[in-house]
Amino acid sequence: MKKIVFTLLGLVVFAACKKDDGPPSPVVDFTATDDGFGAVQFVATATNATSYLWDFGDGRSDSTSATPLHAYRRNGTFNVFLKATGPGGSTVINKLVPVTGVRGSAMFWKASGTRSLEISVDGQYVGVVITNHPRALTTCGAAGTATVERLKPGVYRYVAKEQGGLLPRTYEGSFSVTAGECTPVQVPAAR
């Protein structure tokens, strides 16, 4: 700020010029659109911003994109923060974002002694289980398994049909699905 001093007949008068504040701080907002399955597309709208930092409220990784897509693992309401930074400083905004579409999945596997199995869930084809796995299998998505995804929480029925052989067997059962989790389903071994 510059000061200009005038002296008039022994009277000192100060005049001040307006301080040069520099560039303005960012003005920021964002929208959140849920895809119906728990992935939310965020879009930042900002002026005077050159970088972004998101906190999606679920304790998982943050993003520096202006338009991140974030997949939630559970349903709920999340307090989402966006920090926009520019030459004039930073601005932080937060909103509560409801997520209701997170689904679960089920992975089918078989122990040794069973031929390859064709899996259907509630009448819909899922895939073929071709690889034998040990009984302690807990990792969803293992090679040779069959996975069905985007299941609403609830109880489902499955049918597993052996492939090949003179007398192929059919196995039927049920399993429960929880939102955001993958449920390993062991198809019974041949007897």
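What you are looking at is a predicted structure, and each value in this text was computed from that prediction instead of being measured. Just so it is clear, the values below take in all heavy atoms, side chains as well, and ignore hydrogens, waters and symmetry mates.
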Consider only side-chain heavy atoms of I, L, V, M, F, W and Y, link residues closer than 4.5 Å, and tell whether Tyr171 and Val148 are in one cluster.
yes

Reported OG1-to-CG distance for the pair Thr100 and Asn75, which is rounded to 0.5 angstrom:
6.0 Å

State which residues pass side-chain contact (heavy atoms from CB on, under 4.5 Å) with Arg157; sequence neighbours excluded, sorted by chain then number.
Asp122, Glu172, Ser174

About how many Å separate CG of Asp55 and CZ of Phe78, when rounded to the nearest 0.5 Å?
11.5 Å

Could you go through residues 33-40 and list every donor-acceptor pair under 3.5 Å that involves a side-chain atom there, pairing it with any protein atom two or more places apart or in another chain?
| from | atom 1 | to | atom 2 | distance (Å) |
| --- | --- | --- | --- | --- |
| Asp34 | OD1 | Gly36 | N | 2.8 |
| Asp34 | OD1 | Gly38 | N | 3.4 |
| Asp35 | OD1 | Phe37 | N | 2.7 |
| Asp35 | OD1 | Gly38 | N | 3.2 |
| Asp35 | OD1 | Ala39 | N | 3.1 |

Hey, any chance Val99 and Val177 share a hydrophobic cluster, counting ILVMFWY side chains that come within less than 4.5 Å of each other, even indirectly?
no

How would you list all residue pairs meeting disulfide (SG to SG under 2.5 Å) that involve residues 48-90, not counting sequence neighbours?
none

NZ (Lys110) and CD (Glu162) are apart, to the nearest 0.5 Å, by 8.5 Å

Applying the 4.5 Å side-chain criterion to the ILVMFWY set and letting contacts propagate, would Tyr156 and Val185 be lumped into a single cluster?
yes

Linking I/L/V/M/F/W/Y whenever their side-chain heavy atoms sit closer than 4.5 Å, directly or via other members, would Leu53 and Phe42 fall into one cluster?
no

NZ of Lys83 to CG of Asn94: how many Å apart, nearest 0.5 Å?
14.0 Å

Check side-chain contact (heavy atoms from CB on, under 4.5 Å) between Glu181 and all other residues, then give those that pass, not counting sequence neighbours.
Thr178

Rounded at 0.5 Å granularity, tell me how far CG in Leu151 sits from OG in Ser105.
7.0 Å

Looking at Ala71, is its backbone amide N or carbonyl O close enough to the side chain of Arg60 to form a donor-acceptor pair, meaning the two atoms are under 3.5 Å apart?
yes

Before accepting this row, confirm whether a basic side-chain N of the pair Lys95/Asp29 lies closer than 4.0 Å to the acidic partner's carboxylate O.
yes

For Gly101, does its backbone N or O pair with a side-chain atom of Arg103 as donor and acceptor, under 3.5 Å?
yes

When every non-hydrogen atom of Val155 is compared with those of Ser176, the smallest separation belongs to CG2-OG, 3.9 Å

Same apolar cluster (I L V M F W Y, side chains within < 4.5 Å links), Met107/Ile130:
no

Contact check, side chains of Ser120 and Tyr158, non-hydrogen atoms, under 4.5 Å
no

With rounding to the nearest 0.5 Å, note down the distance linking CG in Asp58 to CZ in Arg73.
8.0 Å

Search all heavy atoms of Val28 against all heavy atoms of Ala46 and return the closest pair with its distance.
CG2-CB, 4.0 Å

Using side-chain contact (heavy atoms from CB on, under 4.5 Å), reason through Ile119 and Val129 one step at a time and then give a plain yes or no.
CA-CA 7 Å; Ile119 307 293; Val129 179; 3.8 Å; yes

Worked check of side-chain contact (heavy atoms from CB on, under 4.5 Å) between Gln41 and Val43
CA-CA 7 Å; Gln41 179 69 63; Val43 177; 4.3 Å; yes

Side-chain donor-acceptor contacts of residues 62-69 below 3.5 Å, not counting sequence neighbours, with atom names and distances?
| from | atom 1 | to | atom 2 | distance (Å) |
| --- | --- | --- | --- | --- |
| Ser63 | OG | Ser65 | N | 3.1 |
| Ser65 | OG | Thr67 | N | 3.0 |

Sequence neighbours excluded and cut-off under 3.5 Å, please list the side-chain donor-acceptor pairs for residues 85-93, or say none.
| from | atom 1 | to | atom 2 | distance (Å) |
| --- | --- | --- | --- | --- |
| Thr85 | OG1 | Ser90 | OG | 2.9 |
| Thr91 | OG1 | Pro26 | O | 2.6 |

Indicate, with yes or no, if the rings of Phe56 and Phe81 have centres closer together than 6.0 Å.
no

Aromatic contact, Phe175 with Phe108 (centres under 6.0 Å)
yes

Under the side-chain contact (heavy atoms from CB on, under 4.5 Å) criterion, do Val80 and Trp54 qualify, and how do the steps go?
CA-CA 7 Å; Val80 177; Trp54 295 86; 4.1 Å; yes

